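Quick notes on the structure that follows.
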Amino acid sequence: MASALFSGLRYSDSLTVVGISFCTAVVCEAISWLLIYRTASYKSLKSTIDKTSKKLETMKTTDVNSASANLLKKTSKTKKIDRVETSLKESSRDLSMFKFKSGGVVALVLFMVFGLLNSLFEGKPVAKIPFVPIKLVQKMSHRGLAGDDMTDCSMAFLYLLCSISIRTNLQKFLGFSPPRGAAGAGLFPMPDPKSS
Amino acid sequence: MTERKSAKLNQQKQLLQHHQNGHLPPFKLAKLLDPDASWDKDQLGDVLHWTRQAFGLLCGLIWGAIPLVGGVWFLLFVSVSTGIIYAYYALVLKVDEEEFGGHGALLQEGLFASISLFLLAWILVCSLAHF
């Protein structure tokens, strides 16, 4: 009865895309856990980054609040802070490299899923966007679609939205997000690309 | 005001100490509305992230159901979402943003994911309910 209801909807394909995206996200996180997150190297690197960034925070807070104006003390403190910052950057780089090496399998899975979805829904609008996107976004949202109606939504755009929202939150929920102290956790944190 | 700030600073230092030792105090729901609570950077970041996600999902569902159509509603969502997060940490929790990396760091927690989630919900509900 449910399938009859859904197949009657004009844009029921969007639910298929979301469902496949969700399952892919779960599979990718499972693979990442197997190859990356459960390894001793990853746990040790993450712990090092967490501790180093907390230590750096404490040192910077103490430095700011210090009433002492002793120049010699401040210079040695600054050197210590620089050393800790360098150590943090090195650990972050090592973590990125480690994830990159193991992320190839997940990247392959994502590539295959995208290919499958593309073959199923190429040239077919899977949803309706409730506004006309800007020109830059239209290249993705209207990818492979015929006609001039820019509110037609292609599979690629919907898949992109699903990937970002579902995978980012899944990683966050499972505790697999990169540590905040790691370099590169910038303005727009995407789902951890090294695990994809 | 100065006493509250120094009490908060002491609690913050204790929290930092706990974190360095690998032990975080348990998170209590009452803390979400307590202006006197002190926050660990990670805990506050997580709370702001999930608040944004919940608001994004709710807005997407409502705006898709009505439906609200037009790019202006997208801009409105971004503004309102940012305003709510700012009001929450500045007026309800009364945190000192300098201790957490400034306004930018706090406002960008979960921003991108919440925008994607909002768009996804809005597009899906609009497409399925009104076409």
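Predicted model, so just to flag it, every value in this text is computed and none were measured. The chains referred to below are lettered A, B, ... by the order of the sequence lines, with proteins before strands, and numbering in each begins at 1.
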Interface check, chain B: of Leu161(A), Val126(A), Asn169(A), Leu158(A), most non-hydrogen pairs under 4.5 Å belong to Asn169(A)
Against chain A, residues from residues 121-131 of chain B with at least one heavy atom under 4.5 Å, in numeric order, are Trp122(B), Ile123(B), Leu124(B), Cys126(B), Ser127(B), Leu128(B), Phe131(B)
Check the hydrophobic clustering (I, L, V, M, F, W, Y; side-chain heavy atoms under 4.5 Å; chains of links allowed) and say if Leu119(B) and Met150(A) are grouped together.
no
Applying side chain to side chain donor-acceptor pair (under 3.5 Å) to Asp94(A) and not counting sequence neighbours gives none
Is there a chain of hydrophobic side chains (I, L, V, M, F, W, Y, each step under 4.5 Å between heavy atoms) that links Phe112(B) to Ile134(A)?
yes
Taking a hydrophobic cluster as the set of Ile, Leu, Val, Met, Phe, Trp and Tyr residues connected by side-chain heavy atoms closer than 4.5 Å, whether directly or through intermediates, do Val132(A) and Tyr11(A) fall within one such cluster?
no
Bottom line for Phe173(A): the part with an atom under 4.5 Å from chain B's heavy atoms is both
**ILVMFWY cluster, Val109(A) and Phe111(A) together (side-chain gap under 4.5 Å)** = no
Honestly, the part of Val18(A) sitting under 4.5 Å from a heavy atom of chain B is side chain
Interatomic distance, NZ@Lys41(B) vs OG@Ser53(A), rounded to 0.5 Å, equals 7.5 Å
Contact list (residues 59-74 of chain B to chain A, heavy-atom gap under 4.5 Å, by number) returns Leu68(B), Val69(B), Gly70(B), Gly71(B)
* Shared ILVMFWY cluster between Val113(A) and Leu170(A), side chains joined below 4.5 angstrom? -> yes
For Leu145(A), the other hydrophobic cluster members (4.5 Å side-chain criterion, sorted by chain and number) are none
So for atom CG, which belongs to Asp148(A), do other residues, nucleotides or ligands contribute more than 12 heavy atoms lying within a distance under 6.0 Å? no
